[in-house]
Amino acid sequence: MVLRALDDSPVGRAERMTALHADHARAVLRLLLVLTHGQRQTAEDLLQETMLRTWRHLDSVPAESDAARRWLCTVARRLVIDGVRLRRGRPAEVHLVDMTWIPAGDDTTGSALASYAIRHALSRLSPAQRRLLSEVYLVGRSPEEVAGRLGVPIGTVKSRTHYALRALRTGLKAA
């Protein structure tokens with residue numbers, strides 16, 4: 001069948017393009033599926049681009065059906081080749097690296113050494129002193145609350161806290 005526009009009007013061009021698509025789109029899509037190793041979405045995108053280029057260069061498409069199919073298949077094959085070349089010429093994509101493991105601003109060698117020194121100094125305190133400092137400074141209880149929990153006068157909690165801090169400072173200086 002000879003596919004030639006009756007005239008160069010927009011209607012004539014649209015009819016020719018419709019006829020080309022109806023006659024050859026399935027064959028071109030099958031070729032593209034083979035060339036893209038079965039990637040249907042990619043093949044359909046390439047078919048669309050082939051038809052777009054056909055529309056732009058409709059005057060270059062041969063009038064005879066077999067020649068038109070060869071022309072369309074050549075355009076489609078070149079699009080696949082261009083896509084492969086584009087991917088090869090492009091640098092490899094780099095995935096984002098998980099940066100959560102990188103130490104924060106205060107995670108330095110100095111803070112690590114300080115943490116070690118504090119743990120070492122705390123280990124040298126008596127269990128009662130560690131519990132008292134933990135209640136006041138880590139849990140955040142007031143001396144009154146600690147006195148109520150331990151069943152001792154508030155003055156005793158304050159003096160024991162003072163002596164526990166002094167022992168901790170001495171331990172830190174020794175470390």
Side-chain angles (χ1 to χ4, degrees), residues 1-124 130 133-141 168 171-175:
M1 178 172 144
V2 175
L3 296 173
R4 189 178 302 268
L6 298 174
D7 57 10
D8 202 24
S9 70
V11 174
R13 291 175 58 82
E15 287 175 355
R16 180 152 190 236
M17 189 65 212
T18 301
L20 281 169
H21 188 274
D23 291 345
H24 304 293
R26 283 191 177 156
V28 174
L29 181 61
R30 280 194 307 269
L31 171 68
L32 288 169
L33 282 168
V34 170
L35 294 175
T36 60
H37 306 289
Q39 295 178 359
R40 186 160 192 85
Q41 183 66 43
T42 304
E44 289 174 355
D45 289 346
L46 289 168
L47 175 64
Q48 183 176 0
E49 182 63 28
T50 301
M51 291 300 162
L52 181 63
R53 289 191 183 186
T54 302
W55 175 257
R56 288 182 184 152
H57 304 284
L58 195 56
D59 296 336
S60 301
V61 180
E64 186 179 290
S65 182
D66 288 340
R69 181 173 288 189
R70 283 192 301 274
W71 189 92
L72 289 166
C73 288
T74 300
V75 170
R77 185 177 57 84
R78 287 180 180 168
L79 285 170
V80 172
I81 291 168
D82 289 346
V84 170
R85 286 180 181 160
L86 182 66
R87 283 189 300 278
R88 283 187 186 163
R90 191 179 201 190
E93 292 183 17
V94 178
H95 299 287
L96 294 177
V97 178
D98 181 19
M99 305 275 277
T100 57
W101 66 271
I102 295 176
D106 62 341
D107 245 0
T108 61
T109 305
S111 65
L113 289 173
S115 175
Y116 171 77
I118 289 172
R119 274 188 261 125
H120 181 69
L122 281 171
S123 70
R124 300 178 85 193
R130 277 196 304 270
L133 290 178
S134 173
E135 290 283 326
V136 173
Y137 292 104
L138 297 179
V139 178
R141 292 197 171 101
L168 184 64
L172 286 172
K173 287 179 185 175

query: From T74 OG1 over to L31 CG, what is the distance, rounded to the nearest 0.5 angstrom?
result: 9.0 Å
query: Stepwise, does the side-chain contact (heavy atoms from CB on, under 4.5 Å) test hold for L58 with L20?
result: CA-CA 10 Å; L58 195 56; L20 281 169; 3.7 Å; yes
query: Between atom CZ of R87 and atom CG of D82, what is the distance when rounded to the nearest 0.5 Å?
result: 10.5 Å
field: Interatomic spacing from NE2 in H120 to CG in L172 - rounded to 0.5 Å
entry: 9.5 Å
- line: Taking every heavy atom of A67 against every heavy atom of P62, the minimum-distance pair comes out as CB-CB, 3.5 Å
query: With distance as the sole test, does R69 use its side chain to make a donor-acceptor pair with the main-chain N or O of D23 at under 3.5 Å?
result: yes
field: Lys/Arg N to Asp/Glu carboxylate O, D59 vs R13, below 4.0 Å
entry: yes
Option from L52, T50, V61 for which side chain to side chain contact (heavy atoms under 4.5 Å, CB included) with V75 holds: T50
query: Once you round to the nearest 0.5 Å, how far does OG1 of T54 lie from CD of E49?
result: 9.5 Å
- prompt: Any side-chain heavy-atom pair from H24 and C73 closer than 4.5 angstrom?
  reply: no
- prompt: When rounded to the nearest 0.5 angstrom, what is the spacing between CG in L47 and NE2 in H21?
  reply: 5.5 Å
Non-neighbouring partners of E44 that pass side-chain contact (heavy atoms from CB on, under 4.5 Å), sequence neighbours left out: L29, R40, Q41
message: Using modelled atom types and a 3.5 Å cut-off, is there a donor and acceptor pairing between side-chain atoms of S134 and backbone atoms of R130?
response: no
task: List the steps, then state whether side-chain contact (heavy atoms from CB on, under 4.5 Å) holds for L138 with L133.
output: CA-CA 7 Å; L138 297 179; L133 290 178; over 6 Å; no
- prompt: Hey, what do you get for CH2 (W71) to CD (E64), rounding to the nearest 0.5 Å?
  reply: 15.5 Å
